[in-house]
> 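Take this structure, written in structure tokens, and hold onto it; I'll ask about it next.
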Amino acid sequence: MDPIILAPTSRTKSTPDQSLGDSQRGSALLVTAFMILVIGLISSATVATTLTRSKDSRFQLDKLKARTLAESILDAAQKDILVRTANFDDPFEFSTTATGTVLVGGVSYNWNATDLTPQVYPTEIEDDGWRPIEVLYDSTDTGGPTQTLYTRVVQLYPGANSTSGVEMDSAMSHLRRTIEVQRNPLFDFAIFYDDDLELLPGPSMTFAGKVHANGDIYVGVGGTLTIDSDYFRCTGEIYRERKNNGSTTSGTVKIKDSSGVFQTLGNDEDFEAYSDPQEWIDFADETWDGTVQTGSHGVLTQNAPDIGSIANNGHYRTSADLVIHNDRVYHVQNGIEVDVTAQMGGAITESSSDMYDAREETYVPLTELDLSNPTFQSFVTTVNSDADPDNDIHQVYAYRSPDPEPANWDPGVANNWFEGIRLTNGSELPDDLLFVSEDPIYVQGDFNTAHRTEGDPQMRTAAVISDAVNLLSNNWSDEREAGDSYSDIDNASETTYNMAFVTGNVRTPDGGGDYSGGLENLPRFHEKWSNKKANINGAFINLFQSRVATERWGKSGVYKPPIRNWLFDPGLLNSSTLRNLFPQAVGIDRLVWDEGQPLMPGVQ
């Protein structure tokens with residue numbers, strides 16, 4: 001067998017070009033692999049960066065949400081403090097810390113606060129924790145009267161304590177706010193409305209004193225309306241027209257500027273006349289230099305008590321010094337109501353015949369308080385002169401109810417219930433007195449007119465707070481009957497009322513409708529006052545809508561308006577006895593927001 005011989009493999013010799021191609025292909029593979037590696041690394045880095053950025057974006061979004069929620073909680077907490085303070089429930093009355101809960105978006109959240117006033121102003125606070133500040137009542141009158149404002153510095157936190165903060169997923173907000181709460185008696189204002197103010201007298205009228213509305217102001221006049229004040233402000237806007245129908249008046253409205261010069265507000269110069277709010281702001285500032293300000297300027301609400309404060313179970317009933325119920329009188333002694341009817345000797349009576357109220361179209365059973373009765377005068381003078389000031393009489397609460405009185409008696413929801421309180425013969429008062437009722441009050445004849453010489457130690461301060469304040473002249477008679485013609489209405493005689501008052505009204509509906517009667521008819525009249533003066537020296541305050549005397553203004557044959565000689569009484573600024581009994585206006589100056597840093601030197 002022949003051996004197998006393997007032939008040698010045939011090899012072809014490479015050319016130079018072939019060697020170069022092989023080298024390039026090898027390099028390309030290496031480059032490709034390298035690029036794939038680089039791209040992979042870049043992709044990994046990009047993904048990591050994207051994830052980091054996404055995480056940071058989520059964190060920033062959560063942080064924004066947490067801060068927004070914290071702001072909302074603090075806004076609501078601030079409102080809670082202001083409303084409570086205005087309604088005689090001072091959160092810091094017994095402690096320098098306070099807590100509460102508020103609803104934000106339907107969810108309940110805690111808040112807490114600290115009164116910093118003892119730290120910031122340790123030598124300036126009074127026993128009740130408030131810091132008094134004396135300021136000019138009218139900044140344009142450098143030699144004029146002053147008023148006392150009361151302030152408190154408060155630091156607010158969201159959560160149950162100062163370190164709680166607000167958590168929103170991955171973020172926390174430790175936002176806190178420092179505000180200065182400011183309060184002063186409502187009777188420091190000549191006019192105060194917790195709603196829209198309609199100031200539209202027919203004849204010429206001059207009004208001095210601060211004017212504030214928690215709403216819009218509608219202003220006009222048939223003659224000339226002169227506002228002698230450095231403060232004419234509202235949280236809404238000012239309109240030179242009627243609210244009920246949008247019509248304008250032909251008279252002249254003049255408002256004092258910061259230098260004391262009266263500048264005109266024309267029919268074509270109100271808020272509506274300008275294309276945007278900034279144009280209105282510029283015009284108002286150039287014309288009045290701060291005297292006239294509106295919501296566009298940032299005017300904030302002045303919080304005031306609600307109508308519940310005058311209810312039979314409200315603040316003024318539970319804090320009264322003297323309680324009059326139907327024909328009984330009770331002196332509150334050390335917190336206990338003691339029947340002193342027999343000691344009053346007929347000063348308190350129920351009317352033998354009902355008085356007809358033509359606006360309400362009903363006869364009104366009355367409890368009458370004869371303020372000139374010697375036994376009433378003597379009782380108040382004696383009690384207020386003894387050694388125990390806790391039993392002094394300055395706040396009188398009067399009301400009527402069925403006998404026996406139903407549980408939770410409320411005349412505002414009772415069917416066909418309309419009864420009232422009448423103050424008679426009140427020209428000379430035994431002391432400074434505040435009269436309050438959930439019923440309408442009728443003030444008959446000259447009121448608080450004795451001892452009006454400045455500096456007279458027997459000069460008195462008086463105020464009335466009720467569902468409706470009605471003014472009857474010295475010539476009033478109860479002979480008026482339902483169905484009397486206009487010619488049968490008694491003629492009034494000139495009468496003077498030196499008193500401030502808080503009363504309800506029947507408001508003009510938003511969008512138009514029956515006119516409320518405006519400021520000029522806030523006190524209700526019932527006689528023909530033709531060319532007779534109704535002189536009022538006091539303050540004119542509207543805090544609520546009437547719940548008992550709810551018939552509209554403007555019915556024919558009810559009354560003929562008086563000559564309105566109405567002035568602000570500067571004596572209200574110095575009534576030390578009654579100033580703390582008066583309802584308070586409570587507002588704020590927002591000082592600082594911060595996320596956990598000290599807000600004031602030395603305050604952590």
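Values reported hereafter were calculated over all heavy atoms of this structure, with side chains retained and with hydrogens, waters and symmetry mates removed. Computed from a predicted model, the values in this text were never measured in an experiment.
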> Just so I know, are the side chains of Pro158 and Tyr109 near enough to count as touching, which here means a heavy-atom distance under 4.5 Å?
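The answer is no, as the side chains (C-beta and beyond) never meet within the 4.5 Å cut-off.
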> Give the C-alpha distance, both sets of side-chain angles, the deciding distance and a yes or no for side-chain contact (heavy atoms from CB on, under 4.5 Å) between Leu369 and Ile421.
CA-CA 8 Å; Leu369 171 55; Ile421 308 298; 5.7 Å; no
> In terms of side-chain heavy atoms, does Gln584 have a donor or acceptor partner in Thr85 at a distance below 3.5 Å?
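Per modelled atom types, Gln584 and Thr85 side chains form no pair under 3.5 Å.
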> Got a second to check how far Asp196's CG is from Ser516's OG, nearest 0.5 Å?
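If I round to the nearest 0.5 Å, the distance is 9.5 Å.
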> Let's go through Phe207 and Trp566 carefully: what are the C-alpha distance in whole Å and the side-chain angles of both, what is the deciding distance for ring-ring contact (aromatic ring centres under 6.0 Å, His included) to 0.1 Å, and is it a yes or a no?
CA-CA 7 Å; Phe207 218 102; Trp566 296 358; 7.2 Å; no
> Does NZ or CZ of Arg183 come closer than 6.0 Å to the centre of the six-membered ring of Tyr150, within 45° of the ring's axis?
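Because its charged atom sits under 6.0 Å from the ring centre and within 45° of the axis, Arg183 does stack over Tyr150.
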> Does a side-chain N-to-carboxylate-O contact under 4.0 Å join Lys210 and Asp138?
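The answer is no: the pair does not qualify as a salt bridge.
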> Would you say that Met499 contacts Leu471 through its side chain, given a criterion of any heavy-atom pair below 4.5 Å between the two side chains?
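Yes, side chains in contact.
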> Check whether any side-chain heavy atom of Leu322 sits under 4.5 Å from a side-chain heavy atom of Phe376, and report yes or no.
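Yes, close enough: below the 4.5 Å cut-off.
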> I need the Gln147 CD to Leu572 CG distance, nearest 0.5 Å.
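Answer rounded to 0.5 Å: 11.5 Å.
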> Do the rings of Phe192 and His212 sit parallel, tilted or perpendicular, given the 30° and 60° boundaries?
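Phe192 and His212: parallel rings.
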> CG of Asp431 to NE2 of His394: how many Å apart, nearest 0.5 Å?
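The CG atom of Asp431 sits 4.5 Å away from the NE2 atom of His394.
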> So which atom in Ser164 and which in Met172 form the shortest heavy-atom distance, rounded to 0.1 Å?
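Minimum heavy-atom contact is O-CE, 3.3 Å.
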> Tell me whether the count of non-hydrogen atoms from other residues, nucleotides or ligands lying under 6.0 Å of CG in Asp386 goes above 12.
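Yes, the 6.0 Å shell around CG holds more than 12 heavy atoms from other groups.
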> Has the side chain of Trp553 got a donor or acceptor atom that lies under 3.5 Å from a matching backbone atom of Asn521?
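No, the answer is negative, given that no donor and acceptor are paired below the 3.5 Å cut-off.
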> Any donor-acceptor pair under 3.5 Å linking the side chain of Asp230 with the backbone of Ser139?
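Side chain of Asp230 to backbone of Ser139: a pair is present.
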> Please answer whether the main-chain N or O of Tyr515 pairs with a side-chain N or O of Arg552 as donor and acceptor at a distance below 3.5 Å.
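Here the side-chain-to-backbone pair does not exist.
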> Phe540 pairs by ring-ring contact (aromatic ring centres under 6.0 Å, His included) with which of Phe187, Phe501, Phe568?
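Going through Phe187, Phe501, Phe568 one by one, the ring-ring contact (aromatic ring centres under 6.0 Å, His included) with Phe540 is satisfied by Phe501 alone.
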> Answer yes or no: is there a side-chain heavy-atom contact under 4.5 Å between Leu199 and Val253?
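Side-chain contact under 4.5 Å: no.
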> Tell me if a side-chain donor or acceptor on Asp390 pairs with a main-chain N or O of Asn334 at a distance below 3.5 Å.
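Not at all, since once roles are kept as given, no pair shorter than 3.5 Å links the two residues.
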> For Asn161, does its backbone N or O pair with a side-chain atom of Asn112 as donor and acceptor, under 3.5 Å?
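Indeed, once roles are kept as given, a pair shorter than 3.5 Å links the two residues.
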> Quick one: does any side-chain atom of Asp467 pair with a main-chain N or O of Arg547 as donor and acceptor, under 3.5 Å?
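Pair found, side chain donor or acceptor close to backbone of Arg547.
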> What are the two closest non-hydrogen atoms of Val502 and Pro583, and how far apart are they?
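Result for this residue pair: CG2-CG, 4.1 Å.
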> Any chance you could lay out the side-chain contact (heavy atoms from CB on, under 4.5 Å) test for Arg131 and Ile133, step after step, and finish with the verdict?
CA-CA 7 Å; Arg131 176 193 178 219; Ile133 303 175; 3.7 Å; yes
> Between Thr577 and Thr461, is the side-chain contact (heavy atoms from CB on, under 4.5 Å) condition met? List the steps.
CA-CA 9 Å; Thr577 302; Thr461 300; over 6 Å; no
> Please report the interatomic distance OG1(Thr508) to CG(Leu200), rounded to the nearest 0.5 Å.
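Spacing of OG1 (Thr508) from CG (Leu200) equals 9.0 Å.
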> If I compare all heavy atoms of Cys234 with all of Gly215, which pair ends up nearest, and what's the gap?
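Here Cys234 and Gly215 meet closest at CB-O, 3.1 Å.
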> Mind checking whether Pro411 and Glu419 have side chains closer than 4.5 Å, heavy atoms only?
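No, too far: nothing below the 4.5 Å cut-off.
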> Go through the steps for Val323 and Arg317 under the test side-chain contact (heavy atoms from CB on, under 4.5 Å), then give the verdict.
CA-CA 8 Å; Val323 176; Arg317 168 67 173 83; 3.8 Å; yes
> For the residue pair Asn312 and Glu405, confirm or rule out a side-chain donor-acceptor distance under 3.5 Å.
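Yes, because at least one side-chain N or O of Asn312 sits under 3.5 Å from a partner of the opposite role on Glu405.
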> So, are Lys243 and Asp216 salt-bridged, with charged N and O less than 4.0 Å apart?
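Between Asp216 and Lys243 there is no salt bridge, as every charged N stays at least 4.0 Å from the carboxylate O atoms.
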> Any idea which heavy atoms bring Asp80 and Thr101 closest together, and the distance?
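The answer is OD2-O, 4.2 Å.
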> In Å, rounded to the nearest 0.5 Å, how long is the span from CG of Asn448 to CG of Asp569?
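CG of Asp569 is found 8.5 Å from CG of Asn448.
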> Mark yes or no for whether Arg564, through its side chain, and Pro201, through its backbone, hold a donor-acceptor pair below 3.5 Å.
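A pair under 3.5 Å: no.
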> Can you find a heavy atom in the side chain of Leu69 that is under 4.5 Å from one in the side chain of Val104?
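Of all side-chain heavy-atom pairs linking Val104 with Leu69, at least one is under 4.5 Å.
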> Work out which heavy atom in Thr550 is nearest to a heavy atom in Val506; give both atom names and the distance.
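That would be O-CG2, 3.6 Å.
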> Under 3.5 Å, side chain of Ser229 to main-chain N/O of Gly209, donor-acceptor pair present?
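Yes; at least one donor-acceptor contact below 3.5 Å.
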> Lys79 versus Asn303: any side-chain heavy-atom pair under 4.5 Å?
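Yes; the side chains approach each other to less than 4.5 Å.
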> Between the main-chain N or O of Asn391 and the side-chain N or O of His331, is there a donor-acceptor pair closer than 3.5 Å?
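Answer holds: yes.
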> Quick check: closest heavy atoms across Asn110 and Ile73, and the distance to 0.1 Å?
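The pair with the smallest heavy-atom distance is O-CG2, 3.8 Å.
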> With no hydrogens and no angle check, just 3.5 Å: does a side-chain donor-acceptor pair link Thr294 and Glu237?
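Short answer, yes.
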> Check the surroundings of atom CD in Glu454: do more than 12 heavy atoms from other residues, nucleotides or ligands lie under 6.0 Å from it?
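Count not over threshold, so no.
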> State the OH-CD distance between Tyr231 and Gln293, to the nearest 0.5 angstrom.
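Reported to 0.5 Å precision, the distance equals 8.0 Å.
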> Sort out for me which residue in Asp115, Thr117, Asp128 forms a side-chain hydrogen bond (donor to acceptor under 3.5 Å, both in side chains) with Arg152.
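So, applying the side-chain hydrogen bond (donor to acceptor under 3.5 Å, both in side chains) to Arg152 and each of Asp115, Thr117, Asp128, only Asp115 qualifies.
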> Between Asn542 (side chain only) and Phe544 (backbone N and O only), is there a donor and an acceptor less than 3.5 Å apart?
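Yes, because the side chain of Asn542 sits within donor-acceptor range (under 3.5 Å) of the backbone of Phe544.
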> Side chain to side chain donor-acceptor pair (under 3.5 Å), that's the test. Do Ser546 and Arg524 meet it? Break it down for me.
CA-CA 12 Å; Ser546 298; Arg524 304 183 186 191; 3.0 Å; yes
> Can you find a heavy atom in the side chain of Val332 that is under 4.5 Å from one in the side chain of Asp321?
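Result no, sub-4.5 Å side-chain heavy-atom pair not found.
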